[in-house]
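In this text, all values refer to a predicted model and were calculated from it rather than measured experimentally.
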Amino acid sequence: MSDVVAPLFSKAEEKKEKTTKASFTKVAHKIYFKPYLFGTSNKGVSHLLRSVAAAYLLKGENKFKIIAYENAADVVEHLSREIKDIWEDGKLYEIQGIGASIASHLDEYFKKGYSTHFVTIFKGIPFTVFELTKVRSIGPKKAFKLVDNLKLYNPESLFEDLKTACLEGRVALLPGFGKKSEKEILNAIEHYLQAKDKIYRMTLPYAYRLAEEIIEYLRKNPKIKRVEALGSLRRMAPTIGDIDLAAVVEKDDFQAVIDYFTKYPKAVKVENAGVTKASIIVHPDVRVDLRVIEEESFGSMLQYFTGSKAHNIKLREYALKKGYSLSEYGIKRLEDEKLFKFSNEEEFYKFLGLSYIPPEIREGEEEIDLALRKSLPKLVKLSEIKGDFHVHSSYDLKPSHDLGTHSYEELCKEAMSLGYSFIGFSDHNPNMSNNSREEIVTILKERKTYIDKIISSKKFERIKIFIGLEVDILPDGSLALPDEAFEYLDFVIASVHSSFNLSISAMTKRVLKALSYPKVKILGHPTGRLLNKREGFELDWEKVFEFAKKKSIALEINSWPERLDLPDTLVKEAGKYGCIFAINTDAHAKEHLANMRFGVAMARRGYLTKEQVVNAWDLDKIERWIRS
DNA sequence: GCCGTTTTCGGCCCGACTGTTTTCAGTCG
């Protein structure tokens, strides 16, 4: 603790604390408050706010104040941008759920590394209490009891010390604890320590496959009439934390079905199992929840279990004002306690005077407002997609990046089987270091001749072929392609594939320069993110959106499961800005064309209609756009 | 402490599961 800068409270204050706050007088320890003790990442700030809520809870503060801080913590945790960047833009006050008070404290925290208000709230509570609350099944009250009774004041050895106490049976002796909770705490610490550095969340397709396997197992049980994947999977969130399932079962069979579920062969652990729900852990550490419900309430259950949590809370608040209380069992009219049940979701929303809200946008933003005014956008559908602009083939033009595995012909065939009316071949540009300018021009000329031959062969008459190229945006913003080569192309997708660490302004300048080239029609995977591997880079999005809109350049929604880029939240912003989009798969094999549905899901999550999506336009409109 | 198309005051989602209790508190989603 050599980098300790300022004590949380001085010796004199500590003494005073002991005489004034009865419940904390026993705490004999020193807490030190380092600047940025909680860090400035979204995760860190979220934990800071949650810690304030915990401190308030321990001190018996007004429970709605506590809820406000917990809510703010949730909001920060789920922000799509870093809160520190938002603060730097001076837009802290615009975040829904963070009001003037919390915003001013955070402003101070970002400026100075601490907030005097928070420091006051934390007084008398060891920092280790907040650390402990990160462990599953340990909340503020248990954490405080453990820290206080076992004198766990050293953050460095906190978890080891608590483990030792469990093993020595000292935890079970504490009031409110017993043998079982002691064992549970031991397990939970082990789990926490193992999972601590893992930020891993499943990609959508991975979670789908996993869910399918379990659903298949459940369907073998004749007592289960219907089973669905709900939660973030149904909302098509970019990454999935755990899998939520719901099953329709006769009431008498609830227990039997729960038992059957907990005996799933690949379950490594049964987390909990009650009468109506159970949770298991499946290799490799994925939590799967199952809820069982009778047919007549399945609509309410679908609604409840699809979430999101934020959507449900807002919906329940809205319903409450109308005199109704919502739950997974139905809608209860408060004046006479009558429960209305719903076997489908459409009726559920209709009863509340709302139009049906598609799962993809149930994120607790403006969707309930829009549904109330019957002005939800008609979201683009997979069936409206007429083609794919970003497909890599096995044609060898000595590219800078990887080739695809299938030929133009094979890809055309696959696209036709999907009912597409066009395909755009966008192989990577030839490598600039191994090929001279002249060679590159020749390579592209020959490629055009080759593709033109396929077109004139009339073998694929039903499908329009566009000759595109995915071209690297070099660090200085120029494109990795000689000017003379552009004439052999119908369109260019400009993408950043290197030098991700430029400043926001340099990166923005770089991208805008690249978009100024003729024939650039699409900005490829605009943030460069790789889920679980690499954060996307920041751009001055307003400038980029403005420029793209002016030049009718489509922002790509790349459907590659690890990209899903533009991210849904930026899709929404850009959509409001008036931008157009191209949903592409970035396929490197014909099977990858099927990933389109994930890109469409991101577009839907971004509130897009087919008018905003270039590849949902009529072919002649697409051709006019390409030529413009 | 947050929020607003019945509110700038007066509300604030709802229920299940577990363990430690003899009726409930804590935690979670």
Check every atom of B/dC13, B/dG1, B/dT7 against the side chain of A/Lys321 and return the nucleotide holding the closest atom. B/dT7
Any side-chain N or O of A/His117 below 4.0 angstrom from OP1/OP2 of B/dG1? yes
Counting side-chain heavy atoms from C-beta on, which of B/dG29, B/dT20, B/dA16 comes nearest to A/Ser181? B/dT20
Please list, chain by chain and in numerical order, all residues satisfying ring-ring contact (aromatic ring centres under 6.0 Å, His included) with A/Phe110, sequence neighbours excluded. A/Trp87
Going by the ring pair (Phe, Tyr, Trp, His ring centres under 6.0 Å) test, name the single residue among A/Tyr56, A/Phe127, A/Tyr114, A/Phe130 that passes it with A/Phe122. A/Phe130
Taking atom P in both B/dC17 and B/dT23, compute the distance separating them and give it to the nearest angstrom. 22 Å
Measuring to OP1 and OP2 of B/dA16, would you say a side-chain N or O of A/Thr276 lies under 4.0 angstrom away? no
Sugar-phosphate only, base, or nothing, as touched by A/Ile67 at under 4.0 Å among non-hydrogen atoms: nothing
Cation-pi check, A/Lys112 to A/Tyr109: give yes when NZ or CZ is under 6.0 Å from the six-membered ring centre and within 45° of the ring axis, no otherwise. no
For A/Ser101 and B/dG1, is the shortest distance between a side-chain N/O and OP1 or OP2 below 4.0 Å? yes
Which nucleotide in B/dG1, B/dC13, B/dG19 has an atom nearest any side-chain atom of A/Lys180: B/dG19
With heavy atoms under 4.0 Å as the rule, sort A/Asn312 into base, sugar-phosphate or nothing. nothing
How far does the C1' atom of B/dT20 sit from the matching atom of B/dG26, given to the nearest Å? 11 Å
Residue A/Glu317, side-chain atoms from C-beta onward, closest of B/dC13, B/dG1, B/dG19: B/dC13
Contact class for A/Leu315 (heavy atom, under 4.0 Å): base, sugar-phosphate, or nothing? nothing
Quick one: is A/Gln96 getting a side-chain N or O under 4.0 Å of the B/dC3 phosphate, OP1 or OP2? yes
Identify the pairs formed between an N or O of the protein and an N or O of nucleotides 24-26 of chain B at a distance under 3.5 Å, and give each distance.
unit_1: B/dG26; atom_1: OP2; unit_2: A/Lys141; atom_2: NZ; d: 3.0

Can you tell me how far P of B/dG29 sits from OH of A/Tyr304, to the nearest Å? 11 Å
From B/dC2, B/dG15, B/dG29, nucleotide with atom closest to A/Lys332 side chain: B/dG15
Any A/Ser279 side-chain N or O less than 4.0 Å from OP1/OP2 of B/dC17: no
Apply side chain to side chain contact (heavy atoms under 4.5 Å, CB included) to A/Ala143 and list each qualifying residue two or more places apart in sequence or on a separate chain. A/Val129, A/Leu132, A/Thr133, A/Ile138
Under 4.0 Å, counting only non-hydrogen atoms across every strand here, what does A/Leu372 touch: a base, just sugar-phosphate, or nothing? nothing
For nucleotides B/dT22 and B/dG11, find the distance between their P atoms and express it as a whole number of Å. 35 Å
Distance check: side-chain N/O of A/Tyr329 vs OP1/OP2 of B/dC13, anything under 4.0 Å? no
